[in-house]
Colleague: 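Take a look at this one; I'll ask things after.
Values in this document were obtained by computation on a predicted structure and should not be read as measured data.
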Amino acid sequence: MPRIGVYICHCGENIAGAVNVEEVRKYAEQLPEVAIARDYLFMCSDPGQELIKQDIRAGLVDRVVVAACTPRTHEPIFREAVAEAGLNKYLFEMANIRDQDSWAHWHDKEGATAKAKKLVASAVAKAAFLEPLEDRFVEVTPAALVVGGGVAGMFAALDLAGMGYQVYLVEKNPSIGGNMAKLDKTFPTNDCSACILTPVMVRVGTHPKIKLLTYSEVESVEGSFGNFKVKVRRKQTYIDWDKCTGCGDCVNACPARIPNEFNEGMDNRRAVYIEFPQAVPKKAVVDLEHCLNCGKRTIGTAPRIHSKTGKPILAPCERACKTGACDRSKAYDPEGEIIELAVGTIIVTTGYRVMDKAPFKEYSPQSPNVVTAMQLERILSATGPTAGHFERPSDKEKPKTIAFVSCVGSRDKRHHTYCSKVCCMYMLKEARLIKEKYPETDIYIFFIDVRTAGKDFEEYYNYCRNLGIKMLRGRVGGVDELPGDRLRVRAYDVDLGAPVELEADLVVLATAIEPAPGLAELGRKLGITCGSEGFLKEMHTKLYPVETPVRGVYIAGCAQGPKDIPEAVSQARAASSAAAVPLTFGKIVVEPLISEVNQRKCSGCGTCEKLCPYSAIKLVEDKGRLRSHIDEALCAGCGVCAAACPSGAITLHGFTNAQISAQIKALAS
Amino acid sequence: MQFEPKIIAFLCNWCSYAGADLAGSLRFQYPPNVTVVRVPCSGRVNPMFILKAFFTGADGVLVGG
Ligand SMILES: Cc1cc2nc3c(=O)[nH]c(=O)nc-3n(C[C@H](O)[C@H](O)[C@H](O)COP(=O)(O)OP(=O)(O)OC[C@H]3O[C@@H](n4cnc5c(N)ncnc54)[C@H](O)[C@@H]3O)c2cc1C
Ligand code: SF4
Ligand code: SF4
């Protein structure tokens with residue numbers, strides 16, 4: 001007969017505040033097959049675990065039930081304790097009397113105590129049917145995938161590659177670099193973004209252990225922790241990258257003009273283009289949607305022959321290309337190429353996009369002199385549309401008065417309720433960069449409240465104020481266009497308690513940071529979810545900030561929420577170290593809570609094979625008869641097959657029919 | 001005395017069981033007459049379990065997944 005030990009936790013006051021622990025203990029003690037029932041202030045603490053271990057070592061109990069918090073967090077801890085005392089760790093069961101009892105019925109002490117008794121009885125009933133199980137181990141593929149090549153993704157990739165693991169870095173744009181590549185200088189130290197970022201981009205591009213897959217996206221993810229099979233689609237570039245030297249001759253020859261995404265639409269790029277001058281890899285891409293098909297020739301067709309000269313009529317781009325990389329007669333597959341990767345762990349660092357100004361009709365987005373803060377970064381940048389000359393878009397004049405509008409789309413019920421976190425600091429930065437260069441400029445920042453919580457940030461703020469940058473508290477109600485390309489900013493000054501108006505030459509909108517487009521879909525492919533605000537959800541805000549509920553998948557940077565570069569990089573390096581742990585250990589423990597077929601009972605009907613969501617079941621011929629066979633490495637232990645088998649041939653270990661039936665009986669009676 | 005139904009809930013460990021935990025940590029209050037059986041997936045819930053619950057005395061069954 002089993003000898004079950006029941007251990008009831010007070011969880012300080014968390015359980016004992018609603019549940020009469022002594023009453024539950026006495027009740028447990030008299031349950032059949034219970035040898036001992038004890039209680040303790042904190043069962044998961046060292047002395048608490050010691051209570052269990054002593055009873056096991058003394059031979060008093062051979063199965064353990066802990067009534068405490070949720071098994072989702074604490075089951076692994078108690079299983080370890082049970083194993084340390086020499087008992088099979090699967091001879092353990094938990095009763096959730098905190099999260100699903102005391103906390104939820106705090107004002108109904110009697111009800112909470114009665115429910116605790118039931119939950120304990122149910123766990124004891126299941127414990128009587130527990131069977132010893134052995135852990136399985138699965139070899140880990142010593143490689144990692146990083147999705148998104150911004151500053152976070154690059155550091156995650158470099159760290160893992162530096163430890164010697166093969167890393168695949170998938171970036172949807174032609175070049176790595178992400179949003180930081182667009183910035184001029186960066187707070188809090190005001191170092192030039194390009195100066196600190198481009199050397200990192202080069203290191204990533206040349207690292208022997210990093211395979212860059214730019215202009216690529218994740219198509220599908222199969223397999224599981226330790227052995228993911230990822231299909232990546234390399235979009236068609238219509239340029240032979242093996243031959244392309246990035247000289248830019250084709251770009252200069254192309255007559256098409258398309259708004260340049262890298263310069264936030266403030267100048268034009270060509271249909272064949274290199275994303276930006278410092279791109280890594282520095283390769284050209286043909287944007288087929290905007291290609292003019294010069295020489296009346298669509299891509300993949302042979303050139304017409306000149307009637308007089310007898311020479312082929314080439315498009316300007318291919319005529320300019322000296323390496324043969326731009327060859328429009330080649331029949332390219334528009335679908336691109338599918339590359340299959342085998343990796344052990346995955347880090348998602350897909351970053352953010354900034355909101356466009358268009359939705360903010362009240363701020364006159366039609367005016368070229370109303371710009372987003374990201375557009376201002378490009379105007380200030382030496383590689384931007386004005387080559388670093390500080391000019392406003394409408395007439396190339398240097399603005400004398402500038403107004404910054406904060407929280408545009410952030411902290412606003414109509415758009416996003418969250419704070420974009422970096423806007424206050426980057427507005428101060430942009431204002432400071434202008435004020436330091438052109439001290440005569442009048443700069444006003446309209447804010448709701450200035451949030452400068454970060455190392456050296458408050459000092460930065462005070463420095464800006466001392467420079468003469470004026471801070472006005474109050475939300476901006478509207479911006480109107482005035483004659484002479486002037487703009488009128490209407491706001492309510494909270495400190496004055498009165499409406500204020502200001503005329504400006506340039507208005508800068510600090511538009512909100514949003515999740516990268518397509519993030520939810522990428523999440524679905526990986527099995528991870530986004531929170532209500534659309535950013536990826538971490539497993540635990542405090543303790544597992546870079547982990548996700550899917551083992552082997554980690555997140556970092558602005559994909560997880562708005563943050564600045566120091567934070568994005570710290571998180572990326574945390575994610576890389578978390579992702580390296582299983583790669584270094586080389587194998588992962590897989591819980592043996594999976595299904596098993598009793599070959600003698602199986603009739604070979606195939607019901608289970610069709611239902612298994614993980615394709616883990618195959619019908620295999622055995623002595624002339626078909627029999628179901630479960631692949632242990634693929635089985636996720638969902639138990640769908642066990643519920644569906646008409647012959648009752650499948651057992652899901654850890655959740656057997658006998659165990660669940662015993663629980664039902666205990667709860668229903 | 002008012003009728004208090006006895007409800008047994010089969011909750012998937014990955015979604016609704018986690019939801020029930022979250023309800024607790026947010027201190028949402030609900031009546032204590034619902035008790036939970038944790039399952040690895042709502043697909044594990046054999047219809048026989050539901051019948052069994054009714055046969056042995058439950059007044060209601062909730063399957064969450
Ligand atoms: C106007 C402005 C000024 C700023 N100034 C500063 C500053 O001065 N100092 C500072 O510390 N911070 C600043 N920030 C914040 C800074 O930009 C971010 O902290 C940083 O860029 C975040 O890096 P990341 O790698 O997480 O994301 P990103 O830089 O957004 O990189 C994400 C990458 O993932 C790629 N990607 C997206 N989706 C996919 C997909 N599905 N598949 C493959 N690839 C994908 C993107 O193309 C991109 O290359 C500023 C932000 C703004 C808006
Ligand atoms: S960081 Fe500042 S400007 Fe940006 S949303 Fe938050 S409060 Fe507004
Ligand atoms: S459902 Fe049951 S009987 Fe049918 S093949 Fe699968 S294991 Fe065999």
Colleague: Do any of residues 39-46 of chain B come closer than 4.5 Å to chain A, heavy atom to heavy atom, and if so which ones, in number order?
Modeller: B:V39, B:P40, B:C41, B:G43, B:R44, B:V45, B:N46
Colleague: To the nearest 0.5 angstrom, please state how far the CG atom of A:N20 sits from the NZ atom of A:K117.
Modeller: 8.0 Å
Colleague: Within a strict 4.5 Å, meaning less than it, do heavy atoms of the A:F92 and A:V66 side chains meet?
Modeller: yes
Colleague: Are the side chain of A:Q659 and the backbone of A:T656 linked by a donor-acceptor contact shorter than 3.5 Å?
Modeller: yes
Colleague: Report which part of B:K6 has an atom under 4.5 Å of a heavy atom belonging to chain A: side chain, backbone, both, or neither.
Modeller: side chain
Colleague: Side chain, backbone, both or neither: which part of B:F55 has a non-hydrogen atom closer than 4.5 Å to chain A?
Modeller: neither
Colleague: Atom CZ in A:R98, atom CD in A:Q100: separation rounded to 0.5 Å?
Modeller: 11.0 Å
Colleague: A:S661 versus chain B, heavy atoms under 4.5 Å apart: side chain, backbone, both or neither?
Modeller: both
Colleague: Most heavy-atom pairs under 4.5 angstrom with chain A, which of B:D59, B:L22, B:V37?
Modeller: B:V37
Colleague: Can you tell me which portion of A:N14 sits under 4.5 Å from chain B's heavy atoms? Options are side chain, backbone, both or neither.
Modeller: side chain
Colleague: Does the ring of A:Y27 carry A:K118 above it, NZ/CZ under 6.0 angstrom from centre and within 45° of its axis?
Modeller: no
Colleague: Of the backbone (N, CA, C, O) and the side chain (C-beta and beyond), which part of A:L667 lies under 4.5 Å from a heavy atom of chain B, both, or neither?
Modeller: both
Colleague: What class does the angle between the rings of A:Y544 and A:H540 fall in, given that below 30° is parallel, 30 to 60° is tilted and above 60° is perpendicular?
Modeller: perpendicular
Colleague: On a heavy-atom basis, which atom in A:F225 and which in A:R551 lie closest, and how many Å separate them?
Modeller: CB-O, 3.4 Å
Colleague: Counting heavy-atom pairs under 4.5 Å with chain A, which one of B:I7, B:N13, B:T35 comes out on top?
Modeller: B:T35
Colleague: What pair of heavy atoms forms the shortest contact from A:I555 to A:P545, and how long is it?
Modeller: CG1-O, 4.4 Å
Colleague: Can you tell me if B:K52 uses its side chain to pair, donor with acceptor, with the backbone of A:A662 under 3.5 Å?
Modeller: no
Colleague: Just to be sure I understand the criterion: a residue of residues 23-33 of chain B counts if one of its heavy atoms is under 4.5 Å from a heavy atom of chain A. Which ones qualify?
Modeller: B:G24, B:S25, B:R27, B:F28, B:Q29, B:Y30, B:P31, B:P32
Colleague: Could you tell me whether the side chains of A:T70 and A:D99 share a donor-acceptor contact shorter than 3.5 Å?
Modeller: no
Colleague: Is any side-chain heavy atom of A:F78 closer than 4.5 Å to one of A:C44?
Modeller: yes
Colleague: Minimum heavy-atom separation for B:A53 and B:I8, please, with both atom names.
Modeller: CB-CD1, 4.2 Å
Colleague: Using the side-chain hydrogen bond (donor to acceptor under 3.5 Å, both in side chains) definition, which of the options A:E75, A:Q663, A:E93 pairs with B:R38?
Modeller: A:E75
